[in-house]
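Residues take their numbers from the sequence shown, with the count starting at 1.
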Amino acid sequence: MWLEKVRGRERGELRARRFEAAARARRAASLALSNRKEFATPHHGAVNSLQVDLTEGRYLLSGASDGSAAVFDVWNATEYETGFIAKHRHILLVDKQHQNGHKFAISAAVWYPVDTGLFVTASFDQYVKVWDTNSTQVVMDFKMPGKVFTAAMSPIATTHMLIATGSADVQVRLCDIASGAFTHTLSGHRDGIMSLEWSASSEWVLMSGGCDGAIRFWDIRRAGCFRVLDQSQSQLGRRSPLLESTTENDHIDSIGPSTSTRSLPHKRTGNSKKNSPTMRKCQNLIHGHLQQRLHPGLSSSQNRATSHYGAVTGLRTTKDGMYLLSSGSDSRLRLWDIDSGCNTLVNFEAMRLQTGKPLQLAVTDDPSLAFVPCMASIKVCCCLLACQFNSQIISGFTFYCYICIYMIRHTIYGLVRHFGHSGVTTSL
């Protein structure tokens with residue numbers, strides 16, 4: 001089968017994109033637990049967070065429920081067992097014995113996007129701390145009003161250094177590393193916030209998922225959220241093309257209501273009463289009512305919309321910034337079109353997801369495949385309607401799995417790293 005595709009590509013019968021999709025599906029179908037690479041972690045509890053640095057793709061940062069954070073070198077192994085098993089040990093460790101260590105579980109650990117000299121940890125002890133990697137000392141910390149469930153930094157930000165934090169409090173708080181203070185809070189959720197994700201196309205857009213089942217879009221330059229995703233608002237197939245009359249003011253940084261939902265300008269008529277004070281007042285009232293109905297931050301019906309029947313446990317945007325993948329405590333996966341805010345109705349197979357903890361999802365760069373922690377296994381799902389890949393389950397874990405990371409080294413080898421509940425890591 002594969003040889004036929006290769007020969008078809010050589011003869012020019014198979015297009016490059018189809019051949020690439022077939023090669024990707026073949027590689028994804030062969031994923032299995034690696035018996036040549038192992039990470040010996042110092043954690044004595046469940047690993048709650050993982051991230052590979054965005055600058056080199058070399059250092060892996062982990063945070064665990066025992067209050068410890070560690071850094072690993074994924075390129076160079078510390079030692080080799082029996083000649084061929086590469087074993088990676090931590091090169092940096094911060095635990096409870098550290099004078100500035102967290103007292104309770106670390107819920108999130110993220111790298112500073114442009115430099116590996118700083119990393120951020122968030123904990124159930126209500127503190128968000130910024131660490132100097134070289135000296136392993138706390139540079140600054142932020143006291144939160146409740147348990148911190150998640151923290152995130154924009155990977156494309158060039159004009160701000162904000163840490164978005166979600167806690168048991170109903171507000172999203174933005175912490176500024178430059179000033180060491182809170183900039184402002186984002187209010188709108190009716191329950192705690194378990195997941196946060198920055199946009200991949202705009203450094204000003206933040207997405208939050210709460211325990212109230214809502215996914216909200218925020219423009220941090222403005223007051224209030226500008227979009228609330230509704231699971232009943234759906235579209236099937238590809239997004240509709242942009243109108244030719246769309247101007248730059250209609251779509252700035254992919255922010256604001258979709259062009260399809262904007263109110264059309266009123267057509268002028270020759271009626272002489274159009275300039276009367278009464279007519280102008282009526283037009284203002286009508287225009288104001290339309291704006292209130294279209295803006296989710298003002299409309300009570302759209303403000304109460306839900307994306308999942310339960311808490312939103314995970315969010316992940318695709319690299320091109322076009323789609324958002326979400327998971328919920330209702331054991332559902334949904335793929336959203338970010339531009340229109342619609343549910344794409346991609347039919348993910350039924351799966352059993354963890355409900356009590358945030359999940360860290362992973363998506364390939366295409367994006368065609370999604371990696372979802374599914375109890376004691378990882379499920380590989382097809383993200384796009386045009387994908388012909390059949391869902392696959394990667395099993396072999398002794399304990400529950402919460403985290404998936406997808407990375408490509410040298411643009412050839414696809415690698416997924418994940419940790420089990422025991423704090424022992426394996427690779428694919």
Side-chain angles (χ1 to χ4, degrees), residues 33 37-53 58-74 78 87-112 116 118-133 136-138 141-142 144 146-153 163 165-168 194-196 313-314 353-362 371 373 375-376 378 397-405 407 416-427:
L33 291 178
K37 184 180 288 289
E38 181 180 345
F39 287 80
T41 73
H43 305 304
H44 301 287
V47 178
N48 297 328
S49 178
L50 284 177
Q51 188 183 38
V52 178
D53 71 280
R58 176 178 179 180
Y59 298 105
L60 175 68
L61 175 64
S62 64
S65 59
D66 61 350
S68 62
V71 177
F72 304 85
D73 188 346
V74 300
T78 308
K87 200 161 189 176
H88 298 258
R89 299 188 182 276
H90 64 277
I91 59 177
L92 182 148
L93 177 64
V94 176
D95 54 14
K96 290 183 178 180
Q97 281 68 37
H98 193 281
Q99 58 180 352
N100 296 321
H102 288 286
K103 297 179 180 179
F104 301 114
I106 292 179
S107 55
V110 295
W111 284 107
Y112 183 58
T116 56
L118 291 176
F119 66 90
V120 180
T121 57
S123 173
F124 287 173
D125 61 4
Q126 303 183 10
Y127 275 95
V128 175
K129 297 185 178 183
V130 182
W131 297 82
D132 187 332
T133 308
T136 64
Q137 297 297 323
V138 175
D141 56 11
F142 302 90
M144 308 300 291
K147 293 181 179 180
V148 185
F149 294 134
T150 182
M153 296 190 71
I163 306 171
T165 60
S167 63
M194 295 187 66
S195 54
L196 292 171
T313 57
L353 304 178
Q354 281 290 324
T355 59
K357 295 183 65 174
L359 299 181
Q360 191 168 329
L361 311 174
F371 300 88
M375 304 300 285
I378 290 180
F397 302 97
T398 307
F399 300 95
Y400 289 158
C401 180
Y402 301 105
I403 306 165
C404 288
I405 293 181
M407 57 178 292
V416 180
R417 304 190 183 280
H418 43 82
F419 282 73
H421 184 77
S422 61
V424 178
T425 177
T426 52
S427 60

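Considering all non-hydrogen atoms of both residues, Leu93 and Ala70 come closest at CD1-CB, 4.1 Å. Smallest separation of non-hydrogen atoms from His102 and Ser123: ND1-CB, 3.1 Å. Across all non-hydrogen atoms, the minimal contact from Val110 to Met153 is CG2-CG, 4.5 Å. Closest approach of Val148 to Ser107, counting heavy atoms only: O-OG, 2.5 Å. The nearest pair of heavy atoms linking Met194 to Phe149 is CA-CB, 4.1 Å. Smallest separation of non-hydrogen atoms from Thr165 and Met144: OG1-CE, 2.9 Å.
Other residues, nucleotides and ligands contribute more than 12 heavy atoms inside 6.0 Å of the NZ atom of Lys87.
Counting heavy atoms from C-beta on, the side chains of Phe72 and Thr41 come closer than 4.5 Å. Taking the side chain as every heavy atom from C-beta outward, Leu353 and Pro373 never approach each other to under 4.5 Å. Side-chain contact between Gln137 and His98 is present, with at least one heavy-atom pair separated by less than 4.5 Å. Side-chain contact between Trp131 and Lys129 is present, with heavy atoms from C-beta onward closer than 4.5 Å. At a threshold of 4.5 Å between non-hydrogen side-chain atoms, the residues Leu50 and Leu60 count as touching. Side chains of Ser62 and His43 form a contact here, defined as non-hydrogen atoms less than 4.5 Å apart.
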Show, in sequence, the C-alpha distance, side-chain angles and deciding distance for Phe119 and Thr133, and conclude whether the side chain to side chain contact (heavy atoms under 4.5 Å, CB included) test is met.
CA-CA 7 Å; Phe119 66 90; Thr133 308; 3.5 Å; yes
For a side chain to side chain contact (heavy atoms under 4.5 Å, CB included) check, start with the C-alpha distance between Val130 and Phe142, then their side-chain angles and the critical distance, and finish with the verdict.
CA-CA 9 Å; Val130 182; Phe142 302 90; 4.2 Å; yes
Before giving the answer on side chain to side chain contact (heavy atoms under 4.5 Å, CB included), spell out for Val52 and Trp111 the whole-Å C-alpha distance, their side-chain angles and the decisive distance to 0.1 Å.
CA-CA 8 Å; Val52 178; Trp111 284 107; 5.8 Å; no
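Here the CD1 atom belonging to Ile378 is positioned 8.5 Å from the CZ atom belonging to Phe371, to the nearest 0.5 angstrom. To the nearest 0.5 Å, atom CZ of residue Phe124 and atom OG of residue Ser65 are 9.0 Å apart. The distance from the CD1 atom of Ile91 to the OH atom of Tyr59 is 5.5 Å, given to the nearest 0.5 Å. To the nearest 0.5 Å, atoms OG (Ser68) and CD1 (Ile106) are separated by 6.0 Å. Separation of atoms CG (Asn100) and OG1 (Thr136) is listed at 9.0 Å; rounding is to 0.5 Å.
A donor-acceptor pair under 3.5 Å is formed between the side chain of Thr78 and the backbone N or O of Arg89. The main-chain N or O of Gly166 is never found under 3.5 Å from a side-chain atom of Thr150 such that the two would form a donor-acceptor pair. The closest donor-acceptor contact from the side chain of Asn48 to the backbone of Gly63 lies at 3.5 Å or more, if one exists at all. Listed for the Thr313 side chain is no donor-acceptor partner under 3.5 Å among the backbone atoms of Leu359.
A salt bridge links Asp73 and Arg58; the closest N-O separation between the charged side-chain nitrogens and carboxylate oxygens is under 4.0 Å.
Checked against the 6.0 Å centroid threshold, His88 and Phe39 count as a close aromatic pair.
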